[in-house]
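Here's the structure we're looking at; comments come further down.
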Amino acid sequence: VSQSRYKQTMYWRKCNAIHGWFVRNVQNGNDDCGTYNVTEDQLNRLYELCVGIAEKKIDPASLPTMSGFFFGSDEYDDDYFDQIRRTANRLEDLLSTDHGFDTFDYHASW
């Protein structure tokens, strides 16, 4: 996720569950390495989902893994939960501060 074309605010590597969430919820199913605008509301929904999974209140299948070339493991293992916690922590920081910008973009590249 980045501030609209100016500042990278988060980077995921081989975190296919998060990428899949963006494909389904932001990119209208298009997995095309495009750049897509992400609303603060969408980021809040992703944050709430990650927190729920990290706290074991939501089934991890609610944020399913995704298989594919260079996409990493599709297991619900320690790496999956580490990425979910890392995402929740970074989004909490990002969404709880006056960050000075109002647009975010998601761009995947592989």
* Asked: Looking only at heavy atoms, which two atoms of Cys50 and Ala88 are closest? And how far apart?
  -> CB-CB, 3.8 Å
* Please name the residue in the list Thr65, Ile84, Ile53 that meets the side chain to side chain contact (heavy atoms under 4.5 Å, CB included) test with Tyr76. => Thr65
* Is there a path from Val23 to Trp12 through hydrophobic residues (I, L, V, M, F, W, Y) whose side chains come within less than 4.5 Å of each other? -> no
* Asked: Between atom CG of Asn89 and atom CG of Leu94, what is the distance when rounded to the nearest 0.5 Å?
  -> 12.5 Å
* Partners of Arg86 by side-chain hydrogen bond (donor to acceptor under 3.5 Å, both in side chains), sequence neighbours excluded? -> Gln83
* Which pair of heavy atoms, one from Ala54 and one from Arg85, lies closest together, and at what distance? -> CB-CG, 3.7 Å
Side-chain donor-acceptor pairs of residues 55-63 under 3.5 Å, sequence neighbours excluded:
unit_1, atom_1, unit_2, atom_2, d
Glu55, OE1, Lys57, NZ, 3.3
Asp59, OD1, Ala61, N, 3.0
Ser62, OG, Asp59, O, 3.1

* **Asn25: side-chain hydrogen bond (donor to acceptor under 3.5 Å, both in side chains) partners, not counting sequence neighbours** => none
* Residues two or more places apart in sequence or in another chain: which of them pass ring-ring contact (aromatic ring centres under 6.0 Å, His included) with Tyr47? -> none
* Any chain of hydrophobic side-chain contacts (each under 4.5 Å) joining Tyr80 to Leu91? -> yes
* Asp32: side chain to side chain contact (heavy atoms under 4.5 Å, CB included) partners, not counting sequence neighbours -> Gln27, Asn30, Tyr36
* **With Gln42 via side chain to side chain contact (heavy atoms under 4.5 Å, CB included) - residues at least two apart** => Trp21, Val26, Val38, Thr39, Arg45
* **Residue pair Leu46 / Ile18, side-chain heavy-atom distance below 4.5 Å** => yes
* Please name the pair of heavy atoms, one in His107 and one in Ser109, separated by the smallest distance, quoted to 0.1 Å. => NE2-CB, 4.0 Å
* To do: Tell me, please, which residues at least two apart from Arg24 pass salt bridge (Lys or Arg N to Asp or Glu O under 4.0 Å).
  => none
* Asked: For Asp93, which residues count as a salt bridge (Lys or Arg N to Asp or Glu O under 4.0 Å) partner, sequence neighbours excluded?
  -> none
* To do: Could you pull out all residues at least two apart from Asp31 that satisfy side-chain hydrogen bond (donor to acceptor under 3.5 Å, both in side chains)?
  => His19
* Look only at the side chain of Arg90 and the backbone of Thr9, and say whether a donor-acceptor pair between them is shorter than 3.5 Å. => yes
